[in-house]
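All remarks here apply to the structure that follows.
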Amino acid sequence: MQVIELSITLLIIVNILAWLIIHLVLSYICLRLPDSFYETEKSKTDLKKWEHGLYKTVGIRKWKTILPDGGGVFRGGFRKKELKTLSASYIRKFILETRRAELTHWILIPPAMLFFLWNPPLVGWVMVGYALLVNIPFIMIQRYNRYRFKPLLRKQMKREQYRGTYDESF
């Protein structure tokens with residue numbers, strides 16, 4: 001229900017600024033949560049059996065590389081565009097960061113409902129569509145990458161344990 005009436009120009013400016021603030025603030029909060037918040041072996045964030053087939057169907061391997069990586073927006077962020085090393089500790093950190101990124105994108109969707117406060121209903125729904133359109137692909141990428149890297153982590157941990165080079169820290 002629209003509570004505030006704005007001119008078209010002001011509406012566009014407010015919408016752009018609101019999304020910018022929402023993205024930056026929520027992303028920063030998720031970045032600053034401790035790693036322990038995201039550490040889990042089995043969680044609701046694990047890939048469901050049906051998802052792997054969906055990701056193959058939508059060709060995620062082909063388009064996931066063209067989307068931007070927001071890991072470098074803030075100091076202390078973690079870029080996930082490519083693996084920098086194959087050490088078990090790095091892969092473990094990478095998997096943790098996919099959980100952080102997934103949560104970030106999930107929590108960026110609900111604030112779209114706020115846009116109904118100052119936008120006509122049609123524009124409010126466009127904002128909901130925008131929130132889904134810009135976040136769901138990134139959620140899919142994080143889940144897909146985590147699915148791919150978990151077996152790699154297990155293999156690398158065994159290899160490093162065999163060599164006596166396994167280090168749990170990153």
Side-chain angles (χ1 to χ4, degrees), residues 1-82 93-150:
M1 173 172 76
Q2 185 177 358
V3 218
I4 304 167
E5 295 269 341
L6 301 171
S7 70
I8 297 291
T9 305
L10 197 53
L11 196 60
I12 292 169
I13 292 169
V14 168
N15 285 337
I16 291 170
L17 287 176
W19 273 124
L20 180 64
I21 291 166
I22 288 167
H23 279 270
L24 290 175
V25 168
L26 294 178
S27 296
Y28 186 78
I29 289 169
C30 287
L31 175 64
R32 294 300 169 224
L33 288 172
D35 286 356
S36 60
F37 182 82
Y38 300 100
E39 289 172 349
T40 178
E41 286 303 312
K42 186 76 175 159
S43 72
K44 294 177 183 172
T45 62
D46 282 348
L47 196 73
K48 308 300 182 257
K49 289 180 182 178
W50 59 268
E51 284 180 88
H52 188 258
L54 170 69
Y55 297 154
K56 277 181 113 172
T57 302
V58 299
I60 195 168
R61 287 186 72 132
K62 291 178 180 146
W63 55 262
K64 76 182 192 84
T65 56
I66 62 172
L67 295 180
D69 178 0
V73 172
F74 297 110
R75 184 178 300 153
F78 187 92
R79 292 193 175 272
K80 295 168 293 306
K81 200 71 164 174
E82 61 185 343
K93 175 69 171 170
F94 194 104
I95 289 170
L96 181 139
E97 292 299 331
T98 65
R99 289 188 183 109
R100 184 186 314 272
E102 181 183 348
L103 176 67
T104 301
H105 285 285
W106 276 117
I107 68 170
L108 287 171
I109 296 171
M113 301 310 286
L114 296 172
F115 287 78
F116 285 98
L117 294 174
W118 61 84
N119 283 292
L122 179 61
V123 177
W125 287 112
V126 168
M127 294 299 144
V128 169
Y130 164 81
L132 294 169
L133 187 66
V134 301
N135 288 294
I136 299 251
F138 291 98
I139 292 167
M140 292 171 69
I141 290 169
Q142 302 315 314
R143 296 178 66 77
Y144 176 76
N145 283 341
R146 194 163 49 250
Y147 170 79
R148 289 179 44 229
F149 291 139
K150 279 186 173 184

Determine, stepwise, if the pair E97 / D35 fulfils side-chain contact (heavy atoms from CB on, under 4.5 Å). CA-CA 8 Å; E97 292 299 331; D35 286 356; 4.1 Å; yes
Let me confirm one number: the CG-CD1 distance from L108 to I136, rounded to the nearest 0.5 Å. 11.5 Å
Mind listing the side-chain donor-acceptor pairs of residues 6-22 below 3.5 Å, one per line with the distance, residues two or more places apart or on another chain?
from : atom 1 : to   : atom 2 : distance (Å)
S7   : OG     : L10  : N      : 3.2
N15  : OD1    : W118 : NE1    : 2.7
N15  : OD1    : N119 : ND2    : 2.9
N15  : ND2    : L11  : O      : 3.3
N15  : ND2    : N119 : OD1    : 3.0

According to the salt bridge (Lys or Arg N to Asp or Glu O under 4.0 Å) rule, which pairs have a member within residues 19-30, sequence neighbours left out? none
Measuring from atom OG1 of T65 to atom CD1 of I60, what distance do you get when rounded to the nearest 0.5 angstrom? 10.5 Å
Please step through side-chain contact (heavy atoms from CB on, under 4.5 Å) for the pair V126 and F115, ending with a clear verdict. CA-CA 9 Å; V126 168; F115 287 78; over 6 Å; no
Atom of L67, atom of I141 and distance for their closest heavy-atom approach: CD1-CD1, 3.5 Å
Any chance you could measure Y144, atom OH, to H52, atom NE2, to the nearest 0.5 Å? 6.0 Å
Using ring-ring contact (aromatic ring centres under 6.0 Å, His included) as the criterion, list what pairs up with F94, not counting sequence neighbours. F78, F149
Please report the closest heavy-atom contact between L26 and P111, naming both atoms and the distance. CD1-CG, 3.9 Å
Set of ring-ring contact (aromatic ring centres under 6.0 Å, His included) partners for Y38, sequence neighbours left out: none
Do W106 and I139 pass the side-chain contact (heavy atoms from CB on, under 4.5 Å) test, and can you show the C-alpha distance, the side-chain angles, and the key distance before you say yes or no? CA-CA 7 Å; W106 276 117; I139 292 167; 3.6 Å; yes
Measuring from K64:NZ to D69:CG, what's the distance to the nearest 0.5 Å? 10.5 Å
With rounding to the nearest 0.5 angstrom, report the NE2 to SG distance, H105 to C30. 9.5 Å
Rounded to the nearest 0.5 Å, what separates atom CD in E51 from atom CE in M140? 8.5 Å
Could you pull out the closest heavy-atom pair between S27 and T104, with the gap in Å? OG-CG2, 3.6 Å
Where do L114 and M127 land on the side-chain contact (heavy atoms from CB on, under 4.5 Å) test, with the steps shown first? CA-CA 9 Å; L114 296 172; M127 294 299 144; over 6 Å; no
Given the options R146, Q142, R143, T98 meets side-chain hydrogen bond (donor to acceptor under 3.5 Å, both in side chains) only with R146
Name all residues meeting the side chain to side chain contact (heavy atoms under 4.5 Å, CB included) criterion together with W125; count only those two or more places apart in sequence or in a different chain, and write none if there are none. F116, V128
Holding to side chain to side chain contact (heavy atoms under 4.5 Å, CB included), I want the full list of residues that pass it with L31, two or more places apart in sequence or in another chain. F74, R100
